[in-house]
Amino acid sequence: FPNDSSLYYFDKTYQMMGLFGSAPLEYAYLYMHKSAYFLKKNRLDSSEFYIRKSIGLKDSLELPAISPYGELSPLYVLAGINIKSGKPDEAIKLLLSEIREFEQLNTRRLIIKENKLLAEAYKAAGMYKESQLTLAEVLRLQEALDKEKDAAKAVSFDIEKKMQTADLD
């Protein structure tokens with residue numbers, strides 16, 4: 001990766017986090033993102049090394065899946081590694097586990113993301129019916145989310161309009 005400065009920034013971030021005494025949650029995010037980077041570069045061994053560090057921190061310290069830093073979803077990344085490594089059955093187990101966690105938190109955007117990868121894992125495992133059913137669920141969830149967004153925009157527009165009218169009075 002001669003022109004890719006990402007590794008430099010990951011390493012510099014790690015160095016600064018140590019210098020400033022960052023919390024374990026921040027390290028879990030750093031490891032997860034570094035793992036995702038290696039996954040995109042198809043460096044599966046490096047990716048797995050860092051995602052296992054992230055999972056270890058999350059599990060041992062019971063770190064939250066949702067925080068001000070975003071979502072901590074290391075099983076999603078590990079599932080991606082397993083799919084690329086030809087182990088879709090393991091990916092399915094991981095994704096179903098993480099989806100259950102996100103369902104308890106009622107985070108539909110993340111459930112949609114996880115289900116898209118789950119459909120890919122089902123397809124890779126030759127489970128085409130399950131893949132299609134999962135994609136149908138993704139579409140249903142996305143449509144519901146879009147409707148809620150549209151309704152919220154309409155309410156926001158109405159409030160803004162009322163405020164402008166009140167300002168004119």
(message) To check you understand the geometry: which heavy-atom pair defines the closest contact between P24 and L57, and what is its length?
(response) O-CD1, 3.8 Å
(request) Locate the shortest heavy-atom distance separating Y50 from Y31; write the atom from each residue and the value. (result) O-CB, 3.4 Å
(message) With a sphere of 6.0 Å drawn around NZ of K123, does it hold more than 12 non-hydrogen atoms of other residues, nucleotides or ligands?
(response) no
Would a single hydrophobic cluster contain both [Y] and [X], if residues Ile, Leu, Val, Met, Phe, Trp and Tyr are joined by side-chain heavy-atom contacts under 4.5 Å?
X	Y	result
Y122	V138	yes
L30	Y69	yes
I83	Y128	no
Y14	Y9	no
L133	I111	no

(message) Aromatic contact between F10 and Y37, with the criterion being ring centroids under 6.0 Å apart: yes or no?
(response) yes
(message) Test of understanding: with salt bridge (charged side-chain N to carboxylate O under 4.0 Å, His left out), list the residues that count as partners of E148, not counting sequence neighbours.
(response) R108
(request) Not counting sequence neighbours, list each pair that qualifies as a salt bridge (charged side-chain N to carboxylate O under 4.0 Å, His left out) and has a residue in residues 74-103. (result) K58-E101
(request) Can you run down the salt bridge (charged side-chain N to carboxylate O under 4.0 Å, His left out) pairs that involve residues 14-35, sequence neighbours left out, and say none if there aren't any? (result) D11-K34
Under 3.5 Å, is there a donor-acceptor pair between the side chain of [X] and the main chain of [Y]?
X	Y	result
S85	I81	yes
S47	F38	no
Y29	G70	yes

Min side-chain heavy-atom separation [X]-[Y] under 4.5 Å:
X	Y	result
S67	L25	yes
L94	S97	no
S22	Y27	yes

(request) If a pair satisfies side chain to side chain donor-acceptor pair (under 3.5 Å) and one of its residues is in residues 131-144, list it, with sequence neighbours excluded. (result) E137-R140, Q142-D146
(message) Could you check whether K116 pairs with E120 (Lys NZ or Arg NE/NH1/NH2 to Asp/Glu carboxylate O, under 4.0 Å)?
(response) no
(request) Could you tell me the separation between the CD1 atom of I66 and the CG atom of L110, rounded to the nearest 0.5 Å? (result) 5.0 Å
(request) Would you give the length of the straight line joining atom CG of L118 to atom CD1 of I99, rounded to the nearest 0.5 angstrom? (result) 4.5 Å
(message) Taking transitive links into account, so neighbours of neighbours count too, which hydrophobic residues share a cluster with F20 at under 4.5 Å side-chain distance?
(response) M16, L19
Under 3.5 Å donor-acceptor pairs involving side-chain atoms of residues 71-80, not counting sequence neighbours:
from : atom 1 : to   : atom 2 : distance (Å)
E71  : OE1    : R109 : NH2    : 3.3

